[in-house]
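Structure first, then comments.
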Protein chains: 2
Amino acid sequence: MPRTMDRDARKAQLAEAVWQVILDQGISAVSVRTVAEHAGVVVGSLRHVFPTRSELVQFSAELMMERVTERLLTATPHDDSREYAFAKIKNVLPLDPDTRAEYEVNLALLAERAAVPGLLQVRLDAHHQLAKLCVRLVEILTGQAGTPAVTSRAHRLHALVDGLAFHLFHQPVDGDTTWALDIIWSEVSTIAADANSGEISH
Amino acid sequence: MPRTMDRDARKAQLAEAVWQVILDQGISAVSVRTVAEHAGVVVGSLRHVFPTRSELVQFSAELMMERVTERLLTATPHDDSREYAFAKIKNVLPLDPDTRAEYEVNLALLAERAAVPGLLQVRLDAHHQLAKLCVRLVEILTGQAGTPAVTSRAHRLHALVDGLAFHLFHQPVDGDTTWALDIIWSEVSTIAADANSGEISH
DNA sequence: AGCAGCGTAGCACGACTGTGCTAGTATGTG
DNA sequence: CACATACTAGCACAGTCGTGCTACGCTGCT
């Protein structure tokens with residue numbers, strides 16, 4: 001065998017170059033050439049790892065989702081279930097420049113799904129994963145599971161999270177974010193409180 | 001003067017061709033040639049109206065927003081303020097194929113803003129307009145105006161609307177949408193009810 | 001030492017891009 | 001009728017695109 005390299009690391013390096021190009025010049029500027037140049041490799045090398053542009057773009061999307069999932073799985077223990085839920089949700093909102101970039105790349109890849117069909121599945125996976133997280137959080141907060149009230153609450157929480165993400169993305173990077181956190185905290189509290197007082201539905 | 005045509009109609013025709021191309025092949029397929037072909041005109045004619053691609057894309061975005069605004073302004077009188085608010089919100093959600101397409105084009109143009117800077121302003125305008133609508137609805141529902149509680153409620157409603165739009169977009173065209181409408185209705189009811197019982201905050 | 005083969009480097013090709021430019025055509029106004 | 005001109009039509013050019021392809025060098029196993 002001749003010299004071999006860490007393929008996964010190389011793929012990650014190229015995926016990160018894709019993200020950078022998206023942030024700098026938008027998704028339409030993502031070509032095998034621009035990405036290769038950004039990553040400091042020649043086109044031939046990039047194409048040795050990703051034979052086509054589609055594979056490059058799709059892997060970039062998958063790795064991005066994988067990274068987010070990883071971050072979500074890192075344990076954030078809290079004695080109070082409300083603070084636990086709050087911390088988890090803060091993890092998926094574009095609150096700092098890094099997560100904002102993440103969100104922006106996500107939107108760009110969503111818009112590219114007409115050109116790279118595989119992106120649709122990636123996007124759907126991400127969506128369902130967030131949905132499942134919301135269900136879990138509601139279950140923890142209410143102490144119930146599987147009831148219609150839980151799924152309803154989870155739906156609502158999910159919508160709120162996605163909506164807030166969209167809003168945060170629309171305001172300047174250094175803008176005030178406390179209002180969004182307030183909304184999340186109040187929602188989390190409401191879910192917990194309603195469960196304790198027995199009235200959940202509506 | 002030589003023969004003249006309805007310039008606005010021609011511009012609208014071209015903008016609609018842009019939307020169609022976005023829906024069919026994604027934003028990256030939007031070129032002066034593809035759009036001209038879709039509109040049934042030659043490139044020269046298109047460029048007589050829109051000298052550059054940027055102007056074409058930007059106008060398409062502006063016209064789209066204009067159309068939405070127009071639809072929003074058409075009076076939908078209701079004796080009950082809750083039903084009025086509900087109807088208004090239904091107007092901005094991607095519930096049928098047409099409004100879904102609208103939403104998709106919106107997202108695509110959002111992703112293209114790195115290439116066409118003017119799109120950022122268009123998107124921001126749309127966002128602020130929806131925010132203003134939410135404030136107005138909350139004012140109508142609560143009978144108050146200008147209080148912190150109103151802006152807080154409006155923020156929350158706005159986030160919920162954007163989040164639900166995102167969710168509806170992720171499910172199949174013929175999917176069940178009643179759950180989203182239920183959430184909206186319950187939120188509208190809650191806003192109205194809390195205002196009557198005096199407790200608004202949180 | 002030799003060699004198989006991974007990874008690097010880059011040329012070539014046809015297609016497509018945005019935009020500058022010119023020529024022709026039809027039509028409303030004088 | 002004449003003419004100015006809005007509009008149509010299309011060529012040209014330089015650039016970028018994705019991808020097929022070959023050639024070379026280094027490396028690690030036999």
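Just the heavy atoms: all of them, side chains too, but no hydrogens, waters or symmetry mates, feed the values below. Every chain is numbered from 1, with letters handed out A, B, ... down the list of sequences.
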* Between atom CG in Asp6(A) and atom P in dG7(C), what is the gap in whole Å? -> 10 Å

* Nearest-Å distance, CD (Gln25(B)) to P (dC17(D))? -> 19 Å

* Would you please say whether a donor-acceptor pair under 3.5 Å links the side chains of Ser189(B) and Ser186(B)? => no

* Just wondering, do Thr142(A) and Val150(A) contact through their side chains at under 4.5 Å, heavy atoms? -> yes

* Asked: Within this structure, what is the CD-to-P distance between Glu37(A) and dG10(C), rounded to whole angstrom?
  -> 13 Å

* Asked: Atom CG of Leu56(B) to atom C1' of dT19(C): distance rounded to whole Å?
  -> 14 Å

* When you check the phosphate oxygens OP1 and OP2 of dT27(D), does a side-chain N or O of Thr4(A) lie under 4.0 Å from one of them? -> no

* Has the side chain of Arg7(A) got a donor or acceptor atom sitting under 3.5 Å from an opposite partner on the base of dG7(C)? -> no

* Any His48(B) side-chain N or O less than 4.0 Å from OP1/OP2 of dC7(D) -> yes

* Which class fits the ring pair Trp185(A) and Phe86(A): parallel under 30°, tilted 30 to 60°, perpendicular over 60°? -> perpendicular

* CD of Glu55(B) versus C1' of dT19(C): gap in Å, rounded? -> 12 Å

* Asked: What is the distance, rounded to the nearest whole Å, between atom CE of Met5(A) and atom P of dG5(C)?
  -> 18 Å

* To do: Assess whether atom CD of Gln13(B) is packed by more than 12 heavy atoms of other residues, nucleotides or ligands within 6.0 Å.
  => yes

* Asked: What are the residues of residues 28-35 of chain B, sorted by number, that bring a heavy atom to within less than 4.0 Å of DNA chain C?
  -> Val30(B), Ser31(B), Val32(B), Arg33(B), Thr34(B)

* What integer distance in Å separates Phe50(B):CZ from dG18(C):P? -> 14 Å

* Asked: Side-chain donor or acceptor of Arg47(A) under 3.5 Å from a matching atom on the base of dG20(D)?
  -> yes

* Look at the rings of Trp179(B) and His167(B) and say which category their plane angle falls in: under 30° parallel, 30 to 60° tilted, over 60° perpendicular. => tilted

* Val43(B) side chain, from C-beta outward: closest of dT19(C), dT8(D), dG7(C) -> dT19(C)

* Under 4.0 Å between a Lys/Arg side-chain N and an Asp/Glu carboxylate O for Arg113(A) and Glu104(B)? -> yes

* Structure fact -> To the nearest angstrom, the CG-P distance between Leu46(A) and dT8(C) comes to 10 Å

* Lys/Arg-Asp/Glu bridge criterion (N-O < 4.0 Å) met for Lys11(A), Glu62(A) -> no

